[in-house]
Trainee: 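First the structure, which I've put down as C-alpha cells, then a few questions once you've had a look.
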Amino acid sequence: MNGAKTLLQDLDDAIARGSDESRAKALWHATDILITGRYSDDEISTFGEVIGRLADEIEVAARVQLSELMSGCDQAPLNVIEKLAFDDEIAVAGPVLRDSNRLDEKMLVESAMTKGQSHLLAIAQRKSIGEAVTDVLVKRGDQEVVTSVARNEGARFSGSGLLHMVRRAEGDSILAEQLGLRKDVPRHIFQQLISKASEDVRRRLETERPEMMAQIQSSVTEVTGDLQSKFGPSSRSYFVAKRVVTTQYRQGNLNQDSISNYARQHRFDEVQIGLSLLSALPVDVIERAMMDRNREMILVLCKALDFSWDTTMSLLFLGAKDHLITARELHDNERDFGRLKIETSRSVLKFYQSRKTATDSASGGRQLELQVH
C-alpha cells in the first residue's frame with residue numbers, strides 16, 4: 001500500500017493547491033483507484049478522508065455521479081456514504097439510499113426520521129429493509145412510500161408495523177391489496193385487513209389468496225359461540241392438550257415462543273394450559289382473563305411473564321370474539337401494555353397466586369375437618 005499512500009498524499013497536495021478542475025480530476029482518480037482495488041479498513045478510511053474533502057467542493061451534478069459510483073461499491077468509505085445519504089438533494093442521496101450495502105440500519109432509521117418523502121421512497125425501494133426501518137417508513141411515509149414498502153418483498157415488518165399498515169389501508173384499496181398479497185402477513189393480521197377492506201379488494205384477495213381466505217372462514221366458524229363449551233375441561237381434546245403441554249413444561253421447553261405459536265394456530269386449550277403452568281394460576285382464571293372484554297388482566301399477565309407485545313397481541317386476538325379487534329382498541333391495548341411495569345405486574349400476579357394458595361389451604365382444611373368428624 002506504500003504506492004497508494006504516496007498517491008493519496010499527492011492527491012491531498014493537489015486538493016490544497018489545485019484548481020476546481022484539478023480537484024475534480026483528483027476526485028475521479030481517487031474513486032477509480034478505490035473501486036478497482038482491494039484495501040484494508042484503515043486504507044479505505046484514508047481514501048474516505050481524501051474523497052470526502054473533494055466531495056465537499058463539487059457541484060450537485062458531480063455529487064450525483066459520485067453517489068452512483070459509491071452506491072455499488074462494497075468498500076465505499078463510510079464517511080462518504082453517510083455524507084451522500086444525508087444530502088438534501090434526492091438526486092444525490094437516492095442512489096446510495098436505494099442500493100448501498102454500506103448503509104447500516106441506524107443510518108437508514110436516522111434518514112427516514114429526518115428527511116423528506118423522496119428520501120423515504122428511496123429507502124422503501126431497497127432490496128432488503130429491516131423492521132426498525134419499516135416501522136419509521138409506515139408511520140412517516142406518504143401513500144406512495146407506504147405502498148412501495150408494502151410491495152417490497154425484501155421488507156420485514158414488526159407486528160406493530162403491520163397493524164399500522166392495516167390502519168392506513170382503510171379506504172386505500174391499492175395499499176390493502178398490496179398488503180394482502182404479502183406472504184409474510186400472519187393470519188390474524190390478514191383477517192383484520194379483510195374485515196376493513198372493500199368488497200372489490202376482498203374478491204381480488206379471495207382469488208389471489210384462496211388458502212388464506214379458507215383458513216379465516218374456518219377459524220371464524222370454529223370460534224362462533226361459547227369457547228368454554230367448545231374447549232372446556234370436559235372435552236377429550238383438553239386432556240390430550242394438557243398431557244402434551246405439561247410434558248413440554250416438565251422438560252423445560254414451554255416458553256413465550258410456545259405460547260405465541262399456539263395462539264397463532266388458534267389452539268386455545270394449549271394456550272390456557274401453558275399460561276396456567278407458567279403463571280402458577282388456575283386454568284379457569286386464565287380462561288376468564290382471555291375471555292374478559294376488559295383486557296387488563298391478560299395485559300398484566302403478559303407483562304408479568306415478560307412477553308413481547310407481538311405475543312400479547314396474538315393472545316388478545318385469540319380471546320376476542322371472531323378473533324377481531326378494532327384498530328382503536330388495539331392501539332389502546334398497546335399503549336396500556338407499554339405503560340405497565342414488570343415489577344408492578346408481577347406484584348399483581350403474586351396477589352392472584354396468594355389467593356389461589358389461600359383457597360387451596362381452606363379447601364384442604366375443610367376436607368380434613370370433614371374427615372375428622
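All values derive from a computational prediction rather than experimental measurement.
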Trainee: Does atom CD (Q265) have a neighbourhood of more than 12 heavy atoms from anything else shown, all under 6.0 Å?
Mentor: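 Atom CD in Q265 is packed in, count exceeds 12.
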Trainee: Looking at E177 and R204, is any side-chain nitrogen of the basic one under 4.0 Å from a carboxylate oxygen of the acidic one?
Mentor: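 Yes, R204 and E177 are salt-bridged.
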Trainee: Do the non-hydrogen side-chain atoms of N253 and S258 ever get within less than 4.5 Å of each other?
Mentor: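 They are not in contact (no side-chain heavy atoms under 4.5 Å apart), so the answer is no.
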Trainee: Has K115 got its NZ or CZ under 6.0 Å from the middle of the six-membered ring of F86, at an angle within 45 degrees of the ring axis?
Mentor: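 Verdict for F86: no cation-pi partner in K115.
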Trainee: Between Q248 and Y262, what is the shortest heavy-atom contact and its length?
Mentor: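 So the two residues come closest at OE1-OH, 2.9 Å.
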Trainee: One thing to verify: whether R202 and E199 come together as a salt bridge, which I'm taking to mean a side-chain N less than 4.0 angstrom from a carboxylate O.
Mentor: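 Yes, charged N to carboxylate O under 4.0 Å.
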Trainee: Between the main-chain N or O of G180 and the side-chain N or O of R209, is there a donor-acceptor pair closer than 3.5 Å?
Mentor: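 Yes; judged by distance alone, with no hydrogens or angles, the pair exists.
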Trainee: Quick one: pull up NE2 in H119 and CG in L97 and give me the separation to the nearest 0.5 Å.
Mentor: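 The CG atom of L97 is 6.0 Å from NE2 of H119, to the nearest 0.5 Å.
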Trainee: So, do L301 and L305 sit near enough that their side-chain heavy atoms are less than 4.5 Å apart?
Mentor: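 When only atoms from C-beta onward are counted, L305 and L301 do touch, with a gap below 4.5 Å.
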Trainee: How long is the straight-line distance from CG of L137 back to NE2 of H164, given to the nearest 0.5 Å?
Mentor: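 H164 NE2 to L137 CG: 11.0 Å, rounded to 0.5 Å.
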Trainee: Using side-chain heavy atoms (C-beta onward) and a distance below 4.5 Å, is L179 in contact with L162?
Mentor: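 L179 vs L162: side chains touch.
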Trainee: Are any of the side-chain heavy atoms of S173 and D200 separated by less than 4.5 Å?
Mentor: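 No, every pair of side-chain atoms sits at 4.5 Å or beyond.
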Trainee: Looking at side-chain heavy atoms only, is the closest gap between M313 and L163 below 4.5 Å?
Mentor: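 Yes, close enough: below the 4.5 Å cut-off.
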Trainee: Would you say the side chain of V149 lies within less than 4.5 Å of the side chain of F157, judging by non-hydrogen atoms?
Mentor: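 F157 reaches V149 side chain to side chain.
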Trainee: Flag the pair R288 and D284 as a salt bridge only when some basic side-chain nitrogen lies within less than 4.0 angstrom of an acidic carboxylate oxygen.
Mentor: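 Salt bridge between R288 and D284, a charged N being under 4.0 Å from a carboxylate O: yes.
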Trainee: Give me the atom names and distance for the closest heavy-atom approach of R98 to A122.
Mentor: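 Minimum heavy-atom separation between R98 and A122: CG-O, 3.2 Å.
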Trainee: Check whether any side-chain heavy atom of R295 sits under 4.5 Å from a side-chain heavy atom of L316, and report yes or no.
Mentor: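 Answer yes - side chains close enough.
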Trainee: Any non-hydrogen side-chain atom of R346 less than 4.5 Å from a side-chain atom of I342?
Mentor: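 Of all side-chain heavy-atom pairs linking I342 with R346, at least one is under 4.5 Å.
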Trainee: What I want to find out is whether D99 reaches R126 closely enough, with some N-O distance under 4.0 Å, to be called a salt bridge.
Mentor: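 The answer is no: the pair does not qualify as a salt bridge.
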Trainee: Side chains of T344 and S347: do they bring a donor and an acceptor to under 3.5 Å?
Mentor: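 Judged by distance alone, the side chains do not pair up.
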Trainee: For E170, I'd like to know if atom CD has over 12 heavy atoms of other residues, nucleotides or ligands within 6.0 Å.
Mentor: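 Counting neighbours around CD of E170, more than 12 heavy atoms of other residues, nucleotides or ligands fall under 6.0 Å, so yes.
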Trainee: Please check if atom CD in Q143 has more than 12 non-hydrogen atoms from other residues, nucleotides or ligands closer than 6.0 Å.
Mentor: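 No.
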Trainee: Scan for salt bridge (charged side-chain N to carboxylate O under 4.0 Å, His left out) pairs involving residues 326-339, sequence neighbours excluded, and state none if there are none.
Mentor: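 Listed by first then second residue: R328-D332, D332-R335.
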Trainee: Answer yes when D184 and R182 have at least one side-chain N-carboxylate O distance shorter than 4.0 Å, and no when they do not.
Mentor: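 Yes, this pair counts.
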